[in-house]
Every structure is written in C-alpha cells, then in structure tokens.
Amino acid sequence: MPELPEVETVRRNLESTVVGRTIEQCRLSGKKLRARITSGLAERIRRRRVVNVRRHGKYLLIGLDGGLSLISHLGMSGRWLFYADPPARVLPHVHARIRHTDGTELWFQDPRRFGVLRLAHTERLASDPALRLLGPDPIATPPTGTGLHALARGTRVAVKNFLLDQRRIAGIGNIYASEILHRAAVDPRRRAGTVSQAEWTAIAREIVAVLGEAIARMGTTFDMYRTLWNEPGTYRDQLLVYDRAGEPCRACGRPIRRIVQGQRSTFYCPSCQRRGGRARGPQIVVARGTPDP
DNA sequence: ATCCTATCCTGTAGGC
DNA sequence: TGCCTACAGGATAGGA
C-alpha cells in the first residue's frame, strides 16, 4: 500500500521528530517479516543517535551515528507510529518498539508482515541486497522522456507493469501507476517498447506531478496507511481512476474500467487512454448490444 | 535475458 | 450471526 508519496510523508515526519533523539532500547517481536530482521539489530542500535532520515523509492533509511543505517520498507501494511506518551498496552502486530532516552517511543507495526527491517553500514548502503537493484528515485532524479524511451526500448511488458518495476524507477506502486498513465493519456496495456518518445515525455512529466501532488496531500489512505501520528493522507480525494471502476471519467464522463495485469488491478479510461487521446465532441452513445465501432 | 506465476501474511468486505 | 471467498497499496523466487 505505501508507495513513494506515503513513504516520503513518513520520512518527513520522522525527520522532524526523531532526528537528534537517542535510542535507549529496542524490543523486537521475534516474528519474521518479508525477510528475517537483522540478527542483533536491537543491541546494535542501542545508545545510537538518529542523525538523518533518507528515502530511496519505497525504502526508508534511518541514519544512526556510528555509521549504521536502519533500513525499513513498509510492504503492504507497515507503519511507523510515534508516541510522545506511549500507551501502556502494545497494539497487535507491533514488531519493533524503540524507546528513546527522553521516554518517547517509535513503533513499527505490520499486520501482513511484508515489510523489511534491516541494519546496514551507511557507507555500504548502495550495495545492500535490499537496495542494490533499485532504479533511480524519481523525486531525487526526475525522469525524462528520452531517458524512459531509451529504458523501454525492446521491452515487451505492458507499460503499467513497466512503471511498477522498481529496478527501472523506484517508488511507483499500483495506485500511482494507474493515475500517471491516465493523466498521460496512455493505455496501460500498451507494450512499453511501443510507447512513443512524446508519450514517454508525458509520462515523465506526470510521474513528477502526480507524486509531488500526492506528497503535498500526505499520500493516499484507504485504511491501513497512516502518517507517523496516525493521520490519514488525503490524496484519495484526487484520484482520477484508481478504485473508481464503473464511475464516470472526470474528463470525458465515460465509465472507468478495471482490468487485471500481473494479478493486480489496473484502472483506466478506455476513451481518454487510447492512441490519439480522448475523442473530442459529445460522447457517442452506443445502443445496448451494438458492437463498439 | 525477459517475462509471468505463485507465494508470503492478515484483515476485511461482500455474498449467501 | 456466521461461514465462505475474493481481494488488498509489494516484492521476489523460480520456471517457461
């Protein structure tokens, strides 16, 4: 669920909240997440001070003094929660509880356990197995039409799945892939290698625009995702196609369609997102049972 | 090499 | 009310 805008929101929250605080103790649930939590993690982060909080794609990188970084990925259901005044009862599915020397606490909760928590040496972060294969972060390095066009040359996967591939661009997930392609007026089923340079230019522009607007609204909340203070993000109100199957396209009025690509839902407007873009003029009403021209 | 499928896990919504 | 199935914002091992 959390994609780049949600992770960036949490990053900003953490940056303003935990940088400068010192970890006094860390308690782990002992449960396995997507991968096993780095052995000795709790002991190795004790007494360390948080010096920065960075992000690459959907990965959070919490920098500690002494040259260590805590790598965290939220998976589908992970969240970080900050408590100035920690509750007495621990919530279910909390896998890490970090207590700072000032009594504040930071909890990592992840019911589905698709998240990641690992420790790495800061100077070797780029070669860490979790991060090594990631493509550029589109906020740090905005993509260009020519760059994407070259990257996609010869690729036969659907452009929607291309955008989801973290080795090519790191940070786009299922919601924003649909939104980006809708705003760029590109059919999600098109093979990436057949998308024109002009279309890639539109996609590059919308990647930056959509992610930026979603960050400004603190991300998209359906249910699980929350900020560090358990607040929802409000980009859901801005969604043009995601989760809107059957509802009218905000541009042309025709119904939004849901299809499945790679076992995941894609939402798009069959009228606005086809070669040549949206038909101008009034909507053509086709009688029931009449084949679509 | 590239692409596709199944799988990890829990919670919840909807049908009956 | 309960039982069942389908599905959910991610990533990847392994096979075609």
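Letters go in sequence order (proteins before strands), and every chain restarts at 1. What you see below is based on every heavy atom in this structure, not just the backbone, and it leaves out hydrogens, waters and symmetry mates. Everything numeric here is computed off the predicted structure, so don't read it as measured data.
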Checklist line | Sequence-distant partners of Gln166(A), side-chain contact (heavy atoms from CB on, under 4.5 Å), two or more places apart | finding: Lys58(A), Leu134(A), Ala170(A)

Next item on the list: Write down the distance separating the C1' atoms in dG11(B) and dT12(C), rounded off to the nearest Å.
Entry: 23 Å

Note to self: Tell me every residue that passes side-chain hydrogen bond (donor to acceptor under 3.5 Å, both in side chains) with Arg257(A), counting only those two or more places apart in sequence or in another chain.
What the structure shows: Tyr268(A)

Enumerate all atom pairs, one protein N or O and one N or O from nucleotides 14-16 of chain C, separated by less than 3.5 Å.
none

Check: Expressed in whole Å, how much space separates the C1' atoms belonging to dA11(C) and dT12(B)?
Finding: 22 Å

Notebook entry, point to check: What nucleic acid atoms does Arg168(A) come within less than 4.0 Å of, heavy atoms only: base, sugar-phosphate, or nothing?
Noted result: sugar-phosphate

Notebook entry, point to check: In B/S/- notation, 5' to 3', how is nucleotides 7-13 of chain C contacted by protein heavy atoms closer than 4.0 Å?
Noted result: -BBBSS-

Next item on the list: Can you sort out the partners of Arg12(A) under side-chain hydrogen bond (donor to acceptor under 3.5 Å, both in side chains), two or more places apart, ordered by chain and number?
Entry: Glu8(A)

Note to self: Once ring pair (Phe, Tyr, Trp, His ring centres under 6.0 Å) is applied, what residue pairs with a partner in residues 231-252 of chain A remain, sequence neighbours excluded?
What the structure shows: Tyr176(A)-Tyr235(A), Phe222(A)-Tyr242(A), Tyr242(A)-Phe267(A)

Next item on the list: Could I get the full list of salt bridge (charged side-chain N to carboxylate O under 4.0 Å, His left out) partners for Arg168(A), not counting sequence neighbours?
Entry: Asp165(A)

Check: Do any pairs count as a salt bridge (Lys or Arg N to Asp or Glu O under 4.0 Å) and have a residue in residues 134-157 of chain A, sequence neighbours left out, and if so which ones?
Finding: Arg55(A)-Asp137(A)

Next item on the list: Any ring pair (Phe, Tyr, Trp, His ring centres under 6.0 Å) involving residues 108-138 of chain A? Give me the pairs, sequence neighbours left out, ordered by first then second residue.
Entry: Trp80(A)-Phe108(A)

Item checked: Secondary-structure stems, DNA chain C, at least 3 Watson-Crick or G-U base pairs under 3.5 Å -> B:2-8 with C:10-16, B:10-16 with C:2-8

Notebook entry, point to check: Which other residues end up in the same hydrophobic cluster as Val51(A), if Ile, Leu, Val, Met, Phe, Trp and Tyr are linked when side-chain heavy atoms come under 4.5 Å apart?
Noted result: none

Item checked: Presence of salt bridge, Asp243(A) and Arg258(A), under 4.0 angstrom -> no

Item checked: Rounded interatomic separation in angstrom, taking CZ from Arg113(A) and P from dT7(B) -> 18 Å

Notebook entry, point to check: Could you give the CG-to-P distance, from Asp243(A) to dG14(B), as a whole number of Å?
Noted result: 11 Å

Checklist line | Contacts of type salt bridge (charged side-chain N to carboxylate O under 4.0 Å, His left out), residue Arg205(A), not counting sequence neighbours | finding: none

